[in-house]
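To start, the structure itself, in structure tokens.
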Amino acid sequence: MLNQSFIFARGMTEELERALWAHGLTSWDLLRRHPAEAAEVLGAGRAQKLNEAVGEAQQALDRRDLAWFRANWPERELWRLWKGFCADAQVALIDIETTGLTPGYDQITVIGLSDGVVARAFVAGRPQPGDDQLEKFIEHIRSYHLIATFNGAAFDVPFIEKHFREAGFKFEMPHIDLLPPARSLGLGGGLKDMEKQLGIVRDADIKDIRGHEAILLWGAWKNGDANAYRRLTTYCKADCVNLRAFGETVWRRQWDKIFTPHAREVDFDRINGQQMSLF
DNA sequence: GTGTCGCCGAATTATCGTAA
DNA sequence: TTACGATAATTCGGCGACAC
């Protein structure tokens with residue numbers, strides 16, 4: 001959970017964070033209410049600095065300062081924002097289809113955008129009824145507080161920002177790229193391979209589509225094949241919707257790895273830190 | 001005060017793997 | 001097939017502890 005993390009503060013390490021959790025300081029609130037205990041773990045100077053950093057983060061969270069989190073939260077720990085940063089419906093799950101791999105040379109054909117329940121497709125050229133013009137994407141994305149992708153740090157985000165560069169568009173909200181945290185759990189391959197490893201299933205008619213086939217489907221649609229259009233947009237939207245279950249699983253497994261084994265619950269008021277009990 | 005050592009974090013470099 | 005971010009490995013610099 002976001003407000004149980006201290007790793008964002010300068011000078012913090014995973015070891016120190018675990019030591020805080022093991023001493024019962026398992027949230028921002030507990031840390032701020034028990035500075036003496038924090039000083040026991042970190043030393044007075046570092047504890048004071050951490051307290052200030054937590055206060056700054058809490059203020060940024062209260063005023064929904066997305067830019068603060070984008071600038072100050074360590075990239076490799078952004079997956080922690082999955083819980084506690086904003087409502088699920090404010091997390092934009094994004095996937096794109098393109099004509100190739102090179103931003104600036106290849107073109108975006110479809111952008112899929114989902115809140116995890118429903119998905120819409122923003123399509124280049126002439127979208128079919130029910131879908132939106134590609135250019136409408138930047139209007140819709142502004143209402144979200146967090147974006148999540150698979151390998152989006154290297155692919156989707158630079159592609160989208162390059163496409164909308166002339167409109168002055170850049171993502172202002174924090175971005176969770178689910179690929180690195182999934183890999184650190186021992187999952188391998190691309191998104192579809194990882195989904196299989198996690199038991200996440202797709203509809204039968206699109207389950208075998210891979211990225212390179214999206215290029216062929218786009219070409220077929222340009223030649224008038226309406227079924228290719230339907231398969232392409234369905235595939236793109238399914239990639240987005242599935243990111244919800246994928247992200248939930250990755251987050252849960254990560255949290256169970258780093259937090260659950262180390263954290264202890266302590267009733268500071270009752271026993272003055274003399275006795276601990278396991279969660 | 002000076003020099004050495006070890007530790008830690010930051011910066012740099014090389015390699016890997018994924019996206020369509 | 002290319003670009004780019006993540007990761008691991010390596011290097012560098014700052015700092016404190018210690019001995020002389």
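Every chain is numbered from 1, with letters handed out A, B, ... down the list of sequences. Only heavy atoms go into these numbers, but all of them, side chains included; no hydrogens, no water, no symmetry mates.
Across the protein-nucleic acid pair, A:His175 atom NE2 and C:dC4 atom P stand 15 Å apart, rounded to whole Å. Atom CG of A:Leu179 and atom C1' of B:dC16 are 11 Å apart (whole Å). Taking atom CD on A:Gln107 and atom P on C:dT2, their separation rounds to 18 Å, with Å as the unit. In this structure, A:Asp156 places its CG atom 10 Å from P of B:dA19, rounding to the nearest Å. Between A:Asp177 atom CG and C:dA6 atom P the separation is 7 Å, expressed in whole Å. The distance from atom CD of A:Glu195 to atom P of B:dT18 is 14 Å, rounded to the nearest whole Å. The interatomic distance linking A:Ile215 (CD1) with C:dT1 (P) rounds to 14 Å, in whole Å. Atom CZ in A:Arg183 sits roughly 13 Å away from atom P in B:dC16 (whole-Å rounding).
No engagement by A:Gly152 is indicated, since no non-hydrogen atom pair under 4.0 Å with the nucleic acid exists. If you check every strand for non-hydrogen atoms under 4.0 Å, A:Asp193 touches nothing. Across all strands shown, A:Phe150 has heavy atoms under 4.0 Å from sugar-phosphate atoms exclusively, and none from any base.
Geometric assessment of A:Arg18 against the ring of A:Phe259 yields a negative cation-pi assignment under the 6.0 Å and 45° thresholds.
Residues A:Ile7 and A:Phe85 do not share a hydrophobic cluster, defined by chaining ILVMFWY side chains whose heavy atoms lie under 4.5 Å apart.
Relative ring orientation between A:Phe169 and A:Phe137 is described as perpendicular, the plane-to-plane angle rising above 60° on a 0-90° scale split at 30° and 60°.
Between B:dA20, B:dT18, C:dA6, one nucleotide has an atom nearer to the side chain of A:Asn151 than all others, and that is B:dT18.
Here A:Glu139 does not pair with A:Arg120 in a salt bridge; the nearest charged N to carboxylate O distance is not below 4.0 Å.
Judged by closest nucleotide on DNA chain B, A:Ala154 is the one of A:Gly100 and A:Ala154 placed further toward the 5' end.
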